[in-house]
*Asks:* 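The structure's right below; bear with me while I get my questions together.
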Amino acid sequence: MSMQLFPLLLCLTYLASHKAELCEDYGVDYDRAYASDGQPVYISCPLNYAQMKHDFNVTWYINGSQTQVSADTQSRIHQNGNLIKFLPARLDDTEYYACVIRNSTYCIRQLKKLEVFKNDEGLCYNNGIMFLSEEFTSLSKTINCPYLDDYVDVKKAEIKWFKECQPLDLSSDKYFASNDDLTLKNVTQKDEGNYTCEVSFEYNAKEFTISRAIDFSTRVQPLISAPVITYPKNNIMSVQTGSYLSLTCEVLYSGDVVDIVWSYNETLVDDYYADSRVVLEDPHYALLPDGHRIATRNLNFSEIKEEDYNRKFFCEVYSPVNPKAYVILKHPDTNFQGFLIAFFVVLVFVTIISIIAIKIFKVDIVLLYRSSCFVQRNIQDGKVYDAYIMSPKSTYNMDMFVLKLLPEVLERQCGYRLFIFGRDELPGEAMADLIDETISQSRRLVIVLGNTSSENRLENDFEQQIAMYDALIRNKIKVILIELEKITDYTNMPESIKYIKQKQGVIRWKGQFTESSLSPKTNFWKNVRYLMPPTQGLYSQDCDHITSEHV
Ligand SMILES: *[C@@H]1O[C@H](CO)[C@@H](O)[C@H](O)[C@H]1NC(C)=O
Ligand SMILES: *[C@@H]1O[C@H](CO)[C@@H](O)[C@H](O)[C@H]1NC(C)=O
Ligand SMILES: *[C@@H]1O[C@H](CO)[C@@H](O)[C@H](O)[C@H]1NC(C)=O
Ligand SMILES: *[C@@H]1O[C@H](CO)[C@@H](O)[C@H](O)[C@H]1NC(C)=O
Ligand SMILES: *[C@@H]1O[C@H](CO)[C@@H](O)[C@H](O)[C@H]1NC(C)=O
């Protein structure tokens with residue numbers, strides 16, 4: 001049966017047995033009565049007697065039954081005056097008791113719960129039924145043994161005190177007992193604990209004991225210290241002209257309330273400004289959990305003006321010591337630094353990307369530029385040939401490349417004019433003169449290398465070689481090295497070739513001797529064209545158009 005239903009049912013039973021009487025029901029009193037098993041307890045009626053005026057009777061009923069509590073003072077439970085008395089209370093007295101007040105015409109009624117508890121195992125009290133007492137540590141504190149007045153005359157009674165159920169030596173300097181009070185001197189945290197007080201009580205020539213338990217704890221009171229201004233801190237504050245600003249002075253203190261003000265030039269700010277633009281708010285006070293206090297006071301500028309800058313606004317505390325601290329307003333620094341860093345990061349990034357892009361696309365970029373109309377063609381440098389082609393003699397691939405592919409792509413498709421040694425020299429000319437003269441009339445020297453056998457190695461062509469050295473030494477001409485196949489061993493190559501290879505690298509032919517290798521748009525030909533001078537032909541844009549001029 002639920003606790004809420006229980007009183008209701010009691011009431012119904014009551015009403016059923018008192019059909020004639022209408023009694024106004026006030027339900028259950030919120031306050032419960034507590035008693036320790038074996039100790040006396042008195043309960044007074046929770047109802048307000050005053051409303052019944054005069055001539056009324058108070059009657060107690062056990063558990064809502066119609067049998068009223070005995071008036072026999074020898075009975076363990078009896079009514080005496082308006083009180084119901086238990087001498088002593090027993091565990092099974094835990095029950096609802098109905099107090100009914102009647103006059104000749106009217107009746108009111110309320111239930112009261114009594115809880116009888118047993119002491120905890122091995123203790124002189126029950127941990128659930130404690131009076132609480134919390135005190136700051138200080139020189140001395142007093143604990144009271146509560147609710148004894150109904151039972152004994154506290155002025156005469158002898159009250160014993162216990163801590164954790166051990167009797168206290170009340171003759172020592174530490175304790176002082178008076179009436180129902182116990183005074184502890186020099187209270188420290190060690191004095192925390194559960195205290196019990198005990199008094200003997202006589203009723204109808206019988207001895208009883210009444211005890212109370214008090215859970216006493218201490219709090220350390222913060223030392224009274226001089227007020228400390230936590231803000232401002234003689235600091236500078238950046239603020240934009242025209243903006244709203246609220247300055248808060250914050251003071252930490254303990255003890256008596258302090259007064260704080262904002263001042264400028266030894267004058268209260270609101271007196272100085274005398275202007276609704278600057279408002280000094282009332283101070284606010286707050287208590288911190290550790291016992292310290294905080295006082296704050298706002299100084300509000302609805303709009304910062306030029307005159308407010310570079311002024312020392314003081315927060316001053318009026319107390320036995322008078323701490324003060326100021327804040328100065330400054331224009332905010334324009335943050336160029338962040339901008340510059342960002343700018344340079346972007347610049348470096350863009351540069352790196354550009355360098356990478358140029359490295360990758362340099363050939364295409366140059367070729368595209370050459371094919372644009374900005375390039376001046378028909379350079380008048382007195383040269384006849386775009387390139388002088390030099391190669392070791394006679395392997396099938398070498399001949400295919402030098403005599404077929406090179407002319408097809410560079411001459412026919414791109415419009416270059418080539419001098420190919422082995423094709424264009426006239427019979428009977430003196431070799432050295434011819435080479436020297438022709439090279440000097442050429443814009444480039446193209447040397448095609450292959451894995452040649454010993455009898456037709458390049459260095460065997462003594463005259464070509466002399467001319468080449470000569471050309472290189474005089475640095476009149478740019479050299480383009482083409483490897484027709486991968487040459488792993490350069491040890492037998494002339495120093496000049498090694499030098500050029502190391503300086504500018506070689507272009508390696510990877511193509512087959514097929515149709516697709518004849519497109520000037522393959523990487524190989526693009527790289528060759530990149531090293532070649534711009535084409536002179538008017539219609540050789542990107543080598544798409546065939547020009548017949550030079551062929
Ligand atoms: C009884 O109590 C009621 C309620 O307060 C009051 O109105 C009434 O006058 C009382 N009757 C007498 C006879 O006192
Ligand atoms: C109160 O109780 C006394 C004694 O029982 C009785 O004489 C008296 O009539 C009662 N008064 C009322 C108002 O019920
Ligand atoms: C005192 O009683 C409280 C409960 O009221 C309990 O938590 C605490 O442990 C007790 N103190 C001692 C020292 O037994
Ligand atoms: C002052 O500024 C504070 C913080 O912005 C604000 O809470 C307060 O209402 C302002 N007081 C007045 C009077 O404007
Ligand atoms: C500060 O106060 C002094 C004396 O009252 C006054 O002469 C002076 O002009 C004030 N300065 C400012 C900036 O208001």
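As the structure lists them, so they are numbered: ligands from 1, and atoms in each ligand from 1. Both backbone and side-chain heavy atoms feed into the values below; hydrogens, waters and symmetry mates do not.
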*Asks:* Going by the rule ring-ring contact (aromatic ring centres under 6.0 Å, His included), which residues pair with Phe86 if we only count those two or more places apart in sequence or in a different chain?
*Replies:* Tyr97
*Asks:* Under a 4.0 Å heavy-atom cut-off, what residues line ligand 5?
*Replies:*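 Ligand 5 is contacted, at a heavy-atom distance under 4.0 Å, by Tyr264, Asn265, Tyr272.
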*Asks:* Mind checking whether Asp215 contacts ligand 3 via backbone (N, CA, C, O), side chain (CB onward), both or neither, at a 4.0 Å heavy-atom cut-off?
*Replies:*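 The answer is the side chain.
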*Asks:* Closer than 4.0 Å to some heavy atom of Ser104 - which atoms of ligand 1 meet that?
*Replies:* 13 (C)
*Asks:* Sequence neighbours left out, what passes salt bridge (Lys or Arg N to Asp or Glu O under 4.0 Å) with Lys85? Give chain and number order.
*Replies:* none
*Asks:* Give a yes or no on whether the backbone of Glu303 and the side-chain of Arg277 come within a donor-acceptor separation of less than 3.5 Å.
*Replies:* yes
*Asks:* In ligand 3, which numbered atoms sit nearer than 4.0 Å to a non-hydrogen atom of Glu164?
*Replies:*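 Near Glu164, the atoms of ligand 3 are 12 (C), 13 (C), 14 (O).
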*Asks:* At a 4.0 Å threshold, what atoms of ligand 1 neighbour a non-hydrogen atom of Thr105?
*Replies:*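 Taking each heavy atom of Thr105 in turn, ligand 1 has 1 (C), 10 (C), 11 (N) under 4.0 Å.
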*Asks:* Let me check something: any side-chain donor-acceptor pairs from residues 154-162 under 3.5 Å, sequence neighbours excluded? List them with distances.
*Replies:*
none

*Asks:* So if I apply the side-chain hydrogen bond (donor to acceptor under 3.5 Å, both in side chains) rule between Asp191 and each of Lys163, Lys174, Lys185, which one comes out positive?
*Replies:* Lys174
*Asks:* Is Asn103 close to ligand 1, meaning an N/O of one under 3.5 Å from an N/O of the other?
*Replies:*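 There is such a contact, yes.
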*Asks:* Side chains of Thr105 and Asn103: any donor to acceptor distance under 3.5 Å?
*Replies:*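 Short answer, yes.
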*Asks:* Taking atom OH of Tyr273 and atom CZ of Phe301, what is their separation to the nearest 0.5 Å?
*Replies:*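 Taking OH in Tyr273 and CZ in Phe301, the distance rounds to 5.0 Å.
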*Asks:* Under 4.0 Å from a heavy atom of Asn127: which atoms of ligand 3 are those, numbered in the order shown and with their elements?
*Replies:*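 Here the atoms of ligand 3 in question are 1 (C), 2 (O), 3 (C), 4 (C), 5 (O), 6 (C).
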*Asks:* Under a plain distance cut-off of 3.5 Å, with no hydrogens placed, do Thr209 and Glu198 share a side-chain donor-acceptor pair?
*Replies:* no
*Asks:* When the ring planes of Tyr264 and Phe313 are compared, do they come out parallel, tilted or perpendicular, using 30° and 60° as the limits?
*Replies:*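 Aromatic pair Tyr264/Phe313 classed tilted.
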